[in-house]
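What you see is a predicted model; the values in this text were computed from it and never measured.
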Amino acid sequence: MLVKQIWTGNAYRNFNYLIACAETGEALAIDPLDHVKCLQAAKDEGWSITQILNTHEHHDHTGGNEAVVRATGARVLAHKNAAGKIAGVSRGLSAGDVVKVGKTVELEALDTPGHTLCHICLKSHTDRPALFSGDTLFNAGAGNCHNGGDVGELYETFSQQLAKLDPATLVYPGHDYIANNLRFTLDREPDNRRAEQMLGKLAGQDPSRAYVSTLEVEMQVNTFFRLTSPSVIAKLREVFPDLSDAPDARTVFTKLRQLRNDW
Ligand SMILES: [Zn+2]
């Protein structure tokens with residue numbers, strides 16, 4: 001499996017991706033908003049884009065579909081319930097469906113609601129798995145829920161699906177928000193040394209050669225996986241004095257998501 005992360009350089013800080021089969025050169029484009037850069041990257045690599053996967057229906061993920069389809073004839077794949085929200089979807093995906101790219105690449109669809117209610121993450125069937133996480137999981141952060149989402153669903157996705165994946169899984173998110181997210185982690189958990197070190201190294205990184213984290217790293221620096229941390233809970237109680245001594249994880253997640261919105 002060949003992976004090319006494409007930095008759009010736009011105001012929303014989107015990452016687009018090409019995933020290709022090394023044997024056939026067939027490629028799948030994930031959320032190819034910057035169609036010019038995606039088509040050029042495929043050309044440079046000698047790859048042909050045969051499929052587009054939209055992680056979800058927001059325009060900053062689907063806005064490049066039309067141009068890529070026109071140039072390549074690629075099929076559009078998305079969550080089965082996104083078909084009415086994204087033009088030209090020819091394959092609707094459910095949890096566990098496998099997307100093949102060329103002869104050698106298999107990507108498994110995870111049904112990951114929360115940021116929106118029809119959001120797909122892709123997990124590669126490779127020796128070392130990779131997760132293309134759209135706007136569900138960011139480096140050191142979680143997607144917002146204020147544009148068609150649901151924070152309870154996002155909590156379920158994090159706790160019941162993402163937290164159970166192989167810790168070695170590489171994380172490829174839909175946006176570069178790492179520096180701001182690490183600052184939020186440190187605001188919530190000032191004694192998180194790992195987050196402090198990462199921020200020192202990655203603030204001002206060149207997103208065209210972005211750091212790629214793993215789920216193991218996310219468990220250490222991503223507040224939304226650190227719901228039982230005594231520091232996280234103590235700081236949260238400063239803002240929400242009614243919070244109990246041992247709040248349940250769903251409550252902590254919900255409050256953190258709420259704080260992140262205003263932060
Ligand atoms: Zn989105």
Side-chain angles (χ1 to χ4, degrees), residues 5 8 10-17 29-33 52-65 76-86 89 92-95 97 107-123 130-165 169-178 180-182 184-185 213 215 218-219 221-227 249-263:
Q5 183 180 53
T8 61
N10 69 356
Y12 301 110
R13 308 189 68 79
N14 290 82
F15 283 130
N16 302 167
Y17 295 91
I30 298 183
D31 296 340
L33 174 69
I52 295 167
L53 179 284
N54 289 135
T55 55
H56 64 292
E57 69 271 30
H58 288 158
H59 183 75
D60 63 314
H61 296 255
T62 62
N65 286 8
V76 178
L77 288 66
H79 190 286
K80 62 182 193 304
N81 297 337
K85 305 172 192 229
I86 300 172
V89 173
L93 297 171
S94 304
D97 284 353
L107 302 160
E108 181 184 334
L110 310 183
D111 188 346
T112 52
H115 173 65
T116 73
L117 298 183
C118 25
H119 190 296
I120 290 281
C121 292
L122 288 178
K123 185 184 75 168
L131 181 73
F132 299 89
S133 60
D135 286 4
T136 297
L137 171 65
F138 295 127
N139 295 130
N144 67 52
C145 301
H146 52 56
N147 197 356
D150 181 278
V151 70
E153 295 279 357
L154 190 63
Y155 166 70
E156 292 296 327
T157 291
F158 266 66
S159 60
Q160 299 305 312
Q161 296 195 65
L162 302 183
K164 294 177 178 174
L165 296 176
T169 302
L170 297 164
V171 177
Y172 291 104
H175 294 263
D176 171 43
Y177 295 153
I178 193 165
N180 268 348
N181 284 341
L182 286 169
F184 180 71
T185 294
S213 80
L215 273 175
E218 295 301 328
M219 295 298 163
V221 301
N222 191 323
T223 316
F224 295 91
F225 284 124
R226 301 180 59 73
L227 309 174
R250 174 189 290 265
T251 303
V252 174
F253 188 98
T254 304
K255 301 281 190 205
L256 287 170
R257 190 50 264 174
Q258 187 184 331
L259 276 180
R260 186 66 180 84
N261 289 343
D262 311 324
W263 195 72

Practice prompt. List the steps, then state whether side-chain contact (heavy atoms from CB on, under 4.5 Å) holds for T169 with L162.
Written response: CA-CA 10 Å; T169 302; L162 302 183; over 6 Å; no
Discussion item. Can you see whether E57 engages T116 through a side-chain donor-acceptor pair at a distance of less than 3.5 angstrom?
Written reply: yes
Worksheet item: Cut-off 3.5 Å, side chains only: do N222 and R226 have a donor facing an acceptor?
Response: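 No, no side-chain donor-acceptor pair sits under 3.5 Å.
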Counterpart residues, side chain to side chain donor-acceptor pair (under 3.5 Å), relative to [X] (two or more places apart):
| X | answer |
| --- | --- |
| T251 | D248 |
| N139 | S213, E218 |
| Q258 | none |

Practice prompt. Tell me, with the steps shown, if N81 and L117 meet side-chain contact (heavy atoms from CB on, under 4.5 Å).
Written response: CA-CA 8 Å; N81 297 337; L117 298 183; over 6 Å; no
Can you name the nearest heavy-atom pair linking [X] to [Y], along with the distance?
| X | Y | value |
| --- | --- | --- |
| N181 | F138 | ND2-CB, 3.7 Å |
| A130 | Y172 | CB-CE1, 3.8 Å |
| P32 | N65 | CD-OD1, 4.1 Å |
| P173 | V171 | CD-O, 3.5 Å |
| I86 | A78 | CD1-CB, 3.8 Å |
| A140 | L182 | CB-CD2, 3.8 Å |

Please answer whether the main-chain N or O of [Y] pairs with a side-chain N or O of [X] as donor and acceptor at a distance below 3.5 Å.
| X | Y | answer |
| --- | --- | --- |
| H119 | D135 | yes |
| N14 | D60 | yes |
| D31 | T55 | yes |
| N16 | L33 | yes |
| R257 | G143 | yes |

Measure the [atom1]-[atom2] distance between [X] and [Y] for me, rounded to the nearest 0.5 Å.
| X | Y | atom1 | atom2 | answer |
| --- | --- | --- | --- | --- |
| L131 | E108 | CG | CD | 10.5 Å |
| F132 | F15 | CZ | CZ | 12.5 Å |
| H115 | S133 | NE2 | OG | 11.0 Å |
| K123 | L165 | NZ | CG | 5.5 Å |
| R260 | T185 | CZ | OG1 | 8.5 Å |

Worksheet item: Out of K85, K80, H56, which residue meets the side chain to side chain contact (heavy atoms under 4.5 Å, CB included) rule with C118?
Response: K85
Worksheet item: So which of L256, T254, N144 actually passes side chain to side chain contact (heavy atoms under 4.5 Å, CB included) with V151?
Response: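 When side chain to side chain contact (heavy atoms under 4.5 Å, CB included) is applied between V151 and each of L256, T254, N144, only T254 qualifies.
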Worksheet item: Would L53 and L93 count as a side-chain contact (heavy atoms from CB on, under 4.5 Å) if you check the C-alpha gap in whole Å, the side-chain angles of each, and the deciding distance to 0.1 Å?
Response: CA-CA 10 Å; L53 179 284; L93 297 171; 3.6 Å; yes
Do [X] and [Y] have side-chain heavy atoms sitting under 4.5 Å apart?
| X | Y | value |
| --- | --- | --- |
| L154 | P113 | no |
| L259 | F184 | yes |
| H175 | T8 | no |
| L77 | D97 | no |
| L110 | T136 | no |

Item to complete: Kindly assign one of parallel, tilted or perpendicular to the pair F158 and F225, based on the angle between their ring planes and the thresholds 30° and 60°.
Response: tilted
Discussion item. A cation-pi test, strictly: NZ or CZ of R250 under 6.0 Å from the centre of the six-membered ring of Y155 and no more than 45 degrees from its axis. Yes or no?
Written reply: no
